[in-house]
Amino acid sequence: VRNSWSLLMRATPTTPLASSISRERQTITAVDAATSTYSRVFDSAPDVVDVFQVNKPLPGMVERTNRAFVYAMPVPGTGVTIAVDAPNNPAFLYSTTLTRP
């Protein structure tokens, strides 16, 4: 279980930039060491499962692979993770997440 605060900014070609700050709780639901993947759910959306591959596209990053591609980079030793949408996604997403105790 990971508790965090998130600053999320998103927009699409037809909607203006919107932002939100939220308190979140994530649970890792599966880990596959052979494929370097894990899945997670948020308590706020338990029916939405995200699957991530570790060290893709670059070492130290993670890539969401089962829905719109998102690339995330944890900043070592800080509890901060920065995430952005993949370049081919027509929407825009930027997220900064801070792990909380």
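Computed from heavy atoms alone, side chains included, the values below leave out hydrogens, waters and symmetry copies.
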Can you tell me how far the [atom1] atom of [X] sits from the [atom2] atom of [Y], to the nearest 0.5 Å?
X: Q26; Y: R40; atom1: CD; atom2: CZ; result: 4.5 Å
X: L8; Y: S95; atom1: CG; atom2: OG; result: 5.5 Å
X: M61; Y: Y71; atom1: CE; atom2: OH; result: 8.0 Å
X: R10; Y: S19; atom1: CZ; atom2: OG; result: 11.0 Å

Test item: V54 and Y38 side chains (from C-beta on) under 4.5 Å apart, heavy atoms: yes
With a 4.5 Å heavy-atom cut-off, do D50 and F52 have their side chains touching?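 Answer yes - side chains close enough.
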Ignoring hydrogens and geometry, is there a side-chain-to-backbone donor-acceptor pair from N3 to R25 under 3.5 Å? no
Side-chain donor or acceptor of N55 paired with backbone N/O of G60 under 3.5 Å: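 Judged by distance alone, yes, a pair lies under 3.5 Å.
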Is it true that, when you exclude R64 itself, more than 12 heavy atoms of the residues, nucleotides or ligands shown sit nearer than 6.0 Å to its CZ? yes
For R67, does the CZ atom have more than 12 heavy-atom neighbours from other residues, nucleotides or ligands under 6.0 Å away? yes
Pairing donors with acceptors under 3.5 angstrom, does anything connect the side chains of E24 and S22? yes
Is it the case that the side chains of S39 and T29 hold a donor-acceptor pair, with the cut-off being a distance below 3.5 Å and no angle test? yes
Do you know the tightest heavy-atom contact between V41 and V48? CG1-O, 3.6 Å
Over all heavy atoms of both residues, which pair between T78 and L98 is shortest? Give the atoms and the distance, please. O-CD1, 4.0 Å
Linking I/L/V/M/F/W/Y whenever any side-chain heavy atoms sit under 4.5 Å apart, do [X] and [Y] land together?
X: V75; Y: Y94; result: yes
X: L7; Y: L93; result: no
X: I82; Y: M9; result: yes
X: I28; Y: V62; result: yes

Checking side chain to side chain donor-acceptor pair (under 3.5 Å) against S6, which of T81, T96, T97 comes through? T97
With F92 as reference, evaluate V84, T12, L17 under the side-chain contact (heavy atoms from CB on, under 4.5 Å) test and give the passing residue. L17
What residues, two or more places apart in sequence or in another chain, satisfy side-chain contact (heavy atoms from CB on, under 4.5 Å) together with T99?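 side-chain contact (heavy atoms from CB on, under 4.5 Å) list for T99, sorted by chain: R2.
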